[in-house]
Amino acid sequence: MIKKYTFGTPFPTESIVVPIEPSQGLPEYGEINLEDGFTFTYHMDPEDLVYGLGEANRGINKRGYVYTSNCSDNPNHLEDTVSLYGAHNFIVVSGVLTFGLYIDYPSSLTFDIGFTRTDELVIHCQETDLDLYIIEGDDAYHITRQFRKMIGRSYIPPKFAFGFGQSRWGYRTTEDFLEVARGYRDNHIPIDMIYMDIDYMEEYKDFTVNKEFTDFPAFVENMKKDGIRLIPIIDAGVKIEKGYEIYEEGVKNNYFCKKEDGSDFIAAVWPGYTHLPDVLNPEARKWFGSKYRLLTEQGIEGFWNDMNEPAIFYTPEGIQNIKNKMKAFITQEENKDDVWHIQNQVMSLANSPADLASFYHNINGSMVCHEKLHNLYGFNMTRAAGEALQSISPEKRCLLFSRSSYIGMHRYGGIWTGDNKSWWSHILLNLKMLPSLNMCGFLYTGADLGGFGADTSRDLLLRWLALGVFTPLMRNHAALGTREQECYQFEHVEDFRHIIGVRYRLLPYLYSEYMKAALTDDMFFKPLAFDFPGDSMAANVEDQLMLGGELMIAPVYTQNAKGRYVYLPEEMMFIQFLPDGEISEEILPQGHHYISVPLNVVPLFIRQDRCIPLADVAECVSQINTDHLKLIGYKGSSYLLYEDDGYTRDYDLKGNCRRVG
């Protein structure tokens with residue numbers, strides 16, 4: 001049962017694809033107050049759990065903190081961070097009453113889930129223009145599956161996108177990329193992709209390639225012959241530069257976001273001063289998307305969209321304001337308050353709320369302030385690319401993922417969880433986000449393995465890779481100025497070869513379960529309670545996940561740990577992929593166990609009376625042989641394998657499935 005309640009005049013975000021007629025009156029669940037914006041209040045039972053919010057901080061159970069849906073560029077997110085890169089306004093309250101809530105509202109929205117008052121869920125936003133959906137069902141999992149039907153099929157990438165990828169901010173020349181390729185191939189560490197961060201461009205201009213690439217199409221083709229795809233970044237800001245075709249086209253046709261006076265909005269990011277494509281304007285969105293052809297025609301088969309919250313370093317107005325304050329500061333005798341004030345002014349230049357409220361979108365001929373639609377920008381930038389790529393190659397899948405997102409973008413691309421840190425706490429955060437993201441439709445997702453900012457350590461990278469073995473997007477990515485963290489840079493490279501090799505052995509299963517989830521609007525990762533709803537102990541497990549229909553994962557995420565405790569809701573088979581290529585199998589009864597997990601071992605658990613297929617190790621996805629798969633798990637069981645060509649959009653679920661075993 002799904003009920004829709006409309007307040008005011010909502011902006012059509014297009015996050016919902018199923019027509020649902022508004023209900024009359026007020027919702028049966030909670031209390032609505034429209035005196036100061038919109039406020040929804042629900043009195044929670046002490047045992048209620050709250051799931052959802054997609055890319056949000058803290059736990060699988062979101063109870064006990066406050067979260068704000070406001071797409072934010074914040075690489076230094078700590079435990080007190082309330083906003084991250086995505087805005088995903090779907091939650092499920094599971095307890096005495098179990099129901100789902102989706103608030104389709106594209107501006108800043110706050111969820112106070114037992115923070116101000118421990119027994120209250122309070123959802124608040126400044127405007128009263130929104131759609132509120134209330135979803136009833138048997139349990140949290142049933143409600144989530146209904147929501148997934150409402151928002152449409154999740155994006156499906158090409159099969160090569162399930163291989164391992166290496167990235168680093170700073171790769172600039174052909175030799176940089178060849179060195180990485182050699183490092184992996186010479187050490188026989190599997191790899192399918194090398195990502196191209198901003199330095200591949202000419203002066204950070206979108207859809208350009210710097211002069212270090214003398215024959216870019218030939219270079220792309222030669223890398224493909226070695227089984228490696230190059231995946232370039234595309235940023236939101238278009239450099240202001242006479243003679244730069246994309247800039248001049250955008251200005252001529254009014255395709256850029258505007259200031260209130262009608263002039264093109266200016267903001268600084270990597271190229272310096274830029275304009276922002278008005279991707280909420282269908283004409284501008286189609287135009288910007290068409291530019292991806294400039295790189296697909298040179299052989300590129302994948303992209304990652306970045307800086308699309310949108311991130312803003314500063315604006316001319318912000319700089320002038322600082323200059324004026326600095327002049328006043330220089331001419332007076334300073335005190336501690338003045339010094340702190342100036343420091344705060346400088347620190348608040350980037351991503352200033354005042355800047356985000358100072359530009360406008362052309363919506364059907366009317367100018368609408370960006371602040372009211374902020375969370376839709378990244379969604380529509382990736383929509384621009386997704387629609388264009390489908391038009392450019394109707395039968396061919398293309399890899400596409402984004403940093404910023406809103407529910408609905410999941411139909412066009414995946415996401416990575418943004419700029420994280422080489423911190424042990426961020427492995428655990430990565431783990432906890434996965435089922436919440438799946439609830440909101442984002443199946444193709446992963447984190448920067450090893451951490452983007454700060455210096456990783458060998459054990460941190462190995463442990464994070466052992467989690468990344470299971471995430472659909474498996475990418476090692478690091479920032480400029482940090483320790484080089486390509487896997488071949490560390491001693492005992494055979495451990496990295498083994499861990500990543502396990503990914504390729506498991507890939508037939510992982511791809512199969514991903515496709516089943518995508519094609520049936522299901523989840524790839526689930527909290528334990530979704531599969532074991534009657535188990536109160538499972539409901540409190542925050543560091544283990546169910547994967548597909550057969551697996552449970554329980555990665556190690558603590559420095560110097562030799563193993564960890566796990567809870568098994570039922571009897572399971574404990575599997576360890578050992579560094580010598582052997583596989584250890586041990587049946588463990590339901591209950592609590594301590595498991596030993598060395599740094600060079602990948603652990604997983606297979607559910608009772610089930611099994612999974614396993615391939616031989618390969619060095620790229622195209623080399624994986626599925627003709628002679630081995631089954632591991634409980635004897636006498638079989639597995640329904642989904643397998644397609646991995647390239648076209650022929651997604652026949654029945655026609656592409658076969659029984660193994």
Side-chain angles (χ1 to χ4, degrees), residues 1-5 15-21 23 27-30 40 42 44-45 47-54 59-63 88-104 111 113 121 123 131-154 407-408 410-411 432-443 513-542 544-552 569-570 607 610 640 653:
M1 173 71 74
I2 301 168
K3 292 185 178 180
K4 173 183 178 181
Y5 299 90
S15 60
I16 301 294
V17 298
V18 176
I20 301 172
E21 292 299 318
S23 300
E28 299 173 13
Y29 298 88
F40 173 96
Y42 176 73
M44 297 185 290
D45 183 84
E47 300 304 313
D48 284 351
L49 284 76
V50 181
Y51 298 104
L53 293 184
I60 293 175
N61 178 7
K62 295 298 188 294
R63 189 163 180 169
H88 309 131
N89 305 333
F90 173 59
I91 61 172
V92 177
V93 178
S94 178
V96 174
L97 295 176
T98 298
F99 60 96
L101 291 170
Y102 174 51
I103 300 88
D104 194 3
F111 294 79
I113 309 178
L121 162 65
I123 304 171
D131 286 318
L132 168 66
Y133 296 84
I134 294 184
I135 310 166
E136 298 176 332
D138 299 334
D139 52 40
Y141 188 19
H142 179 219
I143 288 166
T144 298
R145 292 199 302 271
Q146 291 184 73
F147 179 66
R148 293 290 309 284
K149 296 285 186 186
M150 290 168 55
I151 61 177
R153 177 184 289 175
S154 296
I407 290 173
H410 71 284
R411 300 191 296 269
K432 291 179 178 182
M433 280 185 190
L434 292 169
S436 302
L437 285 165
N438 278 201
M439 290 177 69
C440 297
F442 293 95
L443 297 186
E513 291 302 298
Y514 183 96
M515 294 300 295
K516 291 176 191 175
L519 295 174
T520 60
D521 300 313
D522 207 336
M523 298 173 70
F524 184 77
F525 292 110
K526 290 166 284 185
L528 268 61
F530 279 34
D531 276 345
F532 301 95
D535 188 329
S536 60
M537 189 67 68
N540 292 305
V541 174
E542 289 270 322
Q544 302 168 210
L545 299 178
M546 306 308 296
L547 189 164
E550 288 73 24
L551 296 189
M552 184 184 78
E570 64 181 8
R607 294 190 63 180
R610 305 188 193 189
L640 187 64
L653 185 60

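Residues take their numbers from the sequence shown, with the count starting at 1.
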Among residues at least two apart in sequence or on other chains, which ones pass ring pair (Phe, Tyr, Trp, His ring centres under 6.0 Å) with [X]?
X	result
Y133	Y102
F530	Y51, Y141
F40	none

Which residues pass the side-chain contact (heavy atoms from CB on, under 4.5 Å) test with [X], sequence neighbours left out?
X	result
V18	I20
E570	F532, M572, R607, Q608
L519	R153, I156, M515, Y642, Y651, L653

Working note: I113 + R63, criterion side chain to side chain contact (heavy atoms under 4.5 Å, CB included); need CA distance, chi angles, decisive distance, verdict. CA-CA 5 Å; I113 309 178; R63 189 163 180 169; 4.3 Å; yes
Just checking, any donor-acceptor pair under 3.5 angstrom between side chains of R145 and T520? no
Using the side-chain hydrogen bond (donor to acceptor under 3.5 Å, both in side chains) criterion, which residues pair with Q146? Sequence neighbours excluded. none
Apply side-chain hydrogen bond (donor to acceptor under 3.5 Å, both in side chains) to S436 and list each qualifying residue two or more places apart in sequence or on a separate chain. K62
Please, which pairs that meet salt bridge (charged side-chain N to carboxylate O under 4.0 Å, His left out) have at least one residue in residues 521-530, sequence neighbours excluded? K149-D521, K526-D531
Between I2 and I134, is the side chain to side chain contact (heavy atoms under 4.5 Å, CB included) condition met? List the steps. CA-CA 6 Å; I2 301 168; I134 294 184; over 6 Å; no
How far apart are the closest heavy atoms of F524 and A517, and which atoms are they? N-CB, 4.0 Å
Closest approach of I123 to I91 (non-hydrogen atoms, all atoms of both residues): CD1-CD1, 4.3 Å
Dump the intermediate steps for salt bridge (Lys or Arg N to Asp or Glu O under 4.0 Å) on K3 and E28, then the final yes or no. CA-CA 10 Å; K3 292 185 178 180; E28 299 173 13; 3.0 Å; yes
Could you point out which residue of R411, R148, H410 forms a side-chain hydrogen bond (donor to acceptor under 3.5 Å, both in side chains) with S154? R148
Donor-acceptor contact present, side-chain N438 to main-chain F442, <3.5 Å: yes
Sorted by chain and residue number, the salt bridge (charged side-chain N to carboxylate O under 4.0 Å, His left out) partners of K4 (sequence neighbours excluded) come out as none
Show me, pair by pair, the donor-acceptor contacts under 3.5 angstrom made by side chains of residues 533-542, not counting sequence neighbours?
| unit_1 | atom_1 | unit_2 | atom_2 | d |
| --- | --- | --- | --- | --- |
| D535 | OD1 | M537 | N | 2.9 |
| D535 | OD1 | A538 | N | 3.1 |
| D535 | OD1 | Y567 | OH | 3.2 |
| D535 | OD2 | Y567 | OH | 2.7 |
| N540 | ND2 | S536 | O | 3.0 |
| E542 | OE1 | I60 | N | 2.7 |
| E542 | OE2 | N61 | N | 2.9 |

Passes side chain to side chain contact (heavy atoms under 4.5 Å, CB included), L545 versus L434? Steps please. CA-CA 9 Å; L545 299 178; L434 292 169; 4.0 Å; yes
Please verify the inter-ring angle class for Y42 with F99; under 30° counts as parallel, over 60° as perpendicular, anything in between as tilted. perpendicular
